[in-house]
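Order of the sequence lines fixes the chain letters, A, B, ..., with proteins taken first and strands second; residue numbering starts at 1 for each chain.
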Amino acid sequence: MSLTLTSSSLALEHTLSCLHKCSKEVELKQVHAHMLKSGFFHDPYAITKFLSFCLSSSTFSSYAQDVFLNGLDRPDTFLWNLMIKGLSSSDQPESSLLLYHRMLSSSAPHNPYTFPFLLKACSNLSAFQETTQIHAHLTKLGYANDVYSVNSLINSYAVTGRFNHARLLFDRIQEPDLVSWNSVIKGYAKAGEMVTALTLFRKMPEAKKNAISWTTIISGYVQAGMNKEALQLFHEMHNSNVPPDKVSLASALSACAQLGALEQGRWIHSYADKERISIDSVLACALIDMYAKCGDMEEALRVFKDSKKTKSVQVWTALISGYAYHGLGGEAMNTFTEMQKMGVKPNAITLTAVLTACSYTGLVEQGKSVFYTMERDHNVKPTIEHYGCVVDMLGRAGLLDRAKRLVQKMPMKANAVIWGSLLKACQIHKNIELGERIGEILIRMDPNHGGRYVHTANIHAMGKKWDKAAETRRLMKDKGVVKLPGCSMISLEGTTHEFTAGDRTHAEIEKIRTKWRAVKRELEGNGYVPELEDVLLDLADDEEREAIVHQHSEKLAVAYGLMKTKPGTTIRIMKNLRVCKDCHKVMKLVSKIYKRDIVMRDRTRFHRFRDGKCTCGDYW
DNA sequence: GTAGGGTTAG
């Protein structure tokens with residue numbers, strides 16, 4: 001007797017191991033048929049394993065639904081919950097809610113486990129309406145004091161941005177547990193209410209805080225663009241009694257990437273090594289992105305090569321994006337080819353990165369070919385981001401008519417990003433008429449964005465329409481809109497120095513300005529004439545315009561770099577806006593005359609200056 | 001059974 005039991009359970013284990021090897025529906029059907037024939041489908045354990053496997057794969061989740069609804073006799077609450085849970089994190093979480101409706105008319109009663117799963121589906125759908133419905137429903141059914149259900153509700157409200165709803169529930173809990181705290185904090189963080197989020201975080205009992213609590217507040221800061229604050233908290237975490245885990249590291253690395261904080265990024269990398277935190281694909285991605293955005297492509301490539309043999313599509317994408325904003329189009333395309341050879345399927349983001357690379361490096365034909373075959377070859381329908389890349393690519397290449405036609409015939413309405421890139425193309429290629437029309441559209445779309453007015457005024461000025469330029473400036477002033485000030489950063493021995501145009505707050509500002517004047521004289525001796533095109537403004541007076549370009553923050557930063565670093569040291573500068581034509585020219589000359597490599601990150605990409613040339617090939 | 005992470009067009 002015991003022998004037959006063993007052999008049948010061995011047979012089941014063997015069948016289940018076959019199940020886990022299924023990748024096509026035909027194979028799955030075979031295993032299913034075998035299980036029916038062997039009577040395994042009367043065994044709740046076997047049914048559970050079968051459904052769980054199907055639910056864990058996106059290709060088989062509809063098969064699971066079919067088997068569940070048509071192939072089982074009165075499934076119990078446990079199986080209903082299993083299905084609702086599985087579908088809640090599938091690519092169609094709404095099917096989880098639909099299944100619940102069928103559960104209500106079935107013979108299986110709900111239990112306390114049902115609601116957290118349903119609310120998980122709501123969070124994944126970011127569905128506020130459905131959350132309120134389930135909230136009302138579970139209250140009526142008497143689960144309003146079930147801590148799991150309440151915490152799930154807080155989380156759903158947090159995810160849908162309703163921090164007041166989340167707070168109301170939180171305040172009613174007698175003794176909020178760890179998850180209650182973390183969820184309500186996330187509610188504020190998600191909505192960018194970082195002051196309240198931090199207040200709650202400080203109020204949270206120290207003994208309760210875990211790595212998730214810390215990471216929630218840190219990534220909240222990152223999402224709000226408050227990267228310095230994020231890193232401060234990360235350091236505080238490091239000194240607390242909760243050591244950072246890999247998720248905390250990934251969040252902190254994202255802050256480093258945005259700040260261009262290479263030193264701190266390196267420190268986090270070595271921390272992971274020292275603490276033997278294994279570099280999974282998410283961490284590899286974060287590291288590659290950080291090194292790439294901090295200008296160190298060599299190290300990004302090293303992390304890529306050291307990561308697991310079978311790399312996720314995200315890891316490949318991170319490397320391709322890195323090449324894109326370093327202007328290494330050939331490397332980006334080679335990586336894209338290599339990845340497909342390895343059998344990794346590109347996703348929508350990969351294709352955006354590939355198209356960006358084509359756009360930044362002028363690979364127009366290759367870009368067009370990727371774009372027009374992406375749906376056929378990769379089953380990715382072009383989204384506005386893809387159209388944006390192609391419009392940008394055509395515009396930069398001077399094919400303004402084609403870019404404009406693409407905007408007109410694309411299946412979605414152009415947004416400010418698309419118009420913005422067309423306007424930039426109009427400026428580069430001096431298409432004033434089209435540029436003026438786009439400028440007006442942009443101001444209407446983005447009336448509180450200073451840059452829109454500035455660019456529009458500039459294109460008017462380019463056509464010498466001084467009155468229109470002045471009018472645009474006045475409109476901006478009347479609305480009280482201000483332009484984001486240009487700002488450059490340079491890191492020296494671990495300290496970051498920040499400069500803004502005309503800024504006099506730096507302790508050594510007088511020395512720096514003197515240094516810049518000396519550099520300028522040196523450049524002039526080598527034939528430097530200022531490029532004033534980007535500073536057309538509405539100023540007719542060249543001297544006035546020249547005075548403005550010479551206050552640009554990157555010039556102060558490079559002068560400071562020359563003052564403070566040994567000859568031959570690479571100078572690394574980070575900028576928050578796009579570099580202007582004159583500053584670009586100056587960097588090229590400095591690299592040649594002072595024999596310095598200069599790596600400059602602007603708003604969108606990298607420029608590497610060496611011996612009078614830039615890797616962008618003056619194409620940015 | 002509930003809470004935190006990476007790649008995305010100007």
Side-chain angles (χ1 to χ4, degrees), chain A residues 78 81-82 84-85 88 111-120 123 146-156 158-159 177-187 189 210-220 222 244-254 257 280-290 292-293 312-322 324 346-360 382-393 395-396 415-425 442 451-452 455 577-578 603-605:
Chain A
F78 178 86
N81 287 345
L82 179 80
I84 291 172
K85 178 191 180 192
S88 73
N111 68 12
Y113 290 74
T114 314
F115 300 97
F117 298 146
L118 283 169
L119 289 163
K120 181 83 187 168
S123 330
D146 174 58
V147 64
Y148 283 92
S149 292
V150 175
N151 284 344
S152 301
L153 275 171
I154 295 176
N155 183 55
S156 290
V159 166
D177 71 1
L178 172 63
V179 179
S180 326
W181 278 100
N182 289 349
S183 301
V184 74
I185 289 170
K186 179 180 156 194
N210 68 358
I212 297 182
S213 326
W214 282 96
T215 311
T216 303
I217 195 86
I218 291 169
S219 66
V222 174
D245 63 9
K246 63 175 67 172
V247 184
S248 329
L249 299 189
S251 297
L253 283 168
S254 166
D280 65 4
S281 68
V282 174
L283 207 43
C285 227
L287 281 167
I288 293 168
D289 184 54
M290 180 279 293
K293 288 198 175 130
S312 70
V313 58
Q314 289 90 336
V315 170
W316 286 95
T317 306
L319 186 71
I320 295 172
S321 312
N347 63 21
I349 299 172
T350 317
L351 290 160
T352 311
V354 171
L355 292 171
T356 306
C358 294
S359 167
Y360 284 5
T383 62
I384 194 156
E385 285 85 359
H386 301 107
Y387 278 96
C389 295
V390 178
V391 168
D392 189 55
M393 178 180 81
R396 280 167 195 271
N415 59 15
V417 175
I418 300 228
W419 290 123
S421 86
L422 259 188
L423 176 56
K424 181 71 200 173
L442 273 170
R452 307 300 182 209
H455 293 135
L577 302 175
R578 213 197 276 238
R603 186 170 183 68
T604 51
R605 59 165 300 161

Among [options], which is the nearest nucleotide to the side chain of [X]?
{"X": "A:Y148", "options": "B:dG6, B:dG1, B:dG10", "result": "B:dG1"}
{"X": "A:V179", "options": "B:dT7, B:dT2, B:dG5", "result": "B:dT2"}
{"X": "A:K424", "options": "B:dT8, B:dG4, B:dG10", "result": "B:dG10"}
{"X": "A:Q314", "options": "B:dT7, B:dT2, B:dA9", "result": "B:dT7"}
{"X": "A:T215", "options": "B:dG4, B:dT2, B:dT8", "result": "B:dG4"}
{"X": "A:S281", "options": "B:dA3, B:dG5, B:dG6", "result": "B:dG6"}
{"X": "A:E385", "options": "B:dA9, B:dT7, B:dG1", "result": "B:dA9"}
{"X": "A:D146", "options": "B:dA3, B:dG1, B:dT8", "result": "B:dG1"}
{"X": "A:I349", "options": "B:dT8, B:dG10, B:dG1", "result": "B:dT8"}
{"X": "A:A211", "options": "B:dG4, B:dT8, B:dG6", "result": "B:dG4"}

Under 4.0 Å between any heavy atoms, over every strand shown, what does [X] touch: base, sugar-phosphate, or nothing? Just pick one.
{"X": "A:I384", "value": "base"}
{"X": "A:C389", "value": "sugar-phosphate"}
{"X": "A:Y360", "value": "sugar-phosphate"}
{"X": "A:T317", "value": "base"}
{"X": "A:S248", "value": "base"}
{"X": "A:S359", "value": "nothing"}
{"X": "A:I218", "value": "nothing"}
{"X": "A:D245", "value": "base"}
{"X": "A:R603", "value": "nothing"}

Do A:N155 and A:S152 pair up side chain to side chain, a donor and an acceptor below 3.5 Å, judged on atom types alone?
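Note: A:N155 and A:S152 side chains miss the donor-acceptor criterion.
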Distance in Å, A:S254 OG paired with A:L249 CG, rounded so as to fall on 0.5 Å steps:
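Taking OG in A:S254 and CG in A:L249, the distance rounds to 12.5 Å.
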Ignoring backbone atoms, test whether [X] places a side-chain nitrogen or oxygen under 4.0 Å from the OP1 or OP2 oxygen of [N].
{"X": "A:R396", "N": "B:dG10", "value": "yes"}
{"X": "A:K120", "N": "B:dG1", "value": "no"}
{"X": "A:Y387", "N": "B:dG10", "value": "no"}

Would you mind reporting whether A:L253 and A:D289 have side-chain heavy atoms less than 4.5 Å apart?
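A side-chain contact under 4.5 Å is absent here.
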On the side chain of [X], is there an atom forming a donor-acceptor pair with the base of [N] - under 3.5 Å, no angle test?
{"X": "A:N415", "N": "B:dG10", "value": "no"}
{"X": "A:S251", "N": "B:dG6", "value": "no"}
{"X": "A:N210", "N": "B:dG4", "value": "no"}
{"X": "A:S421", "N": "B:dG10", "value": "no"}

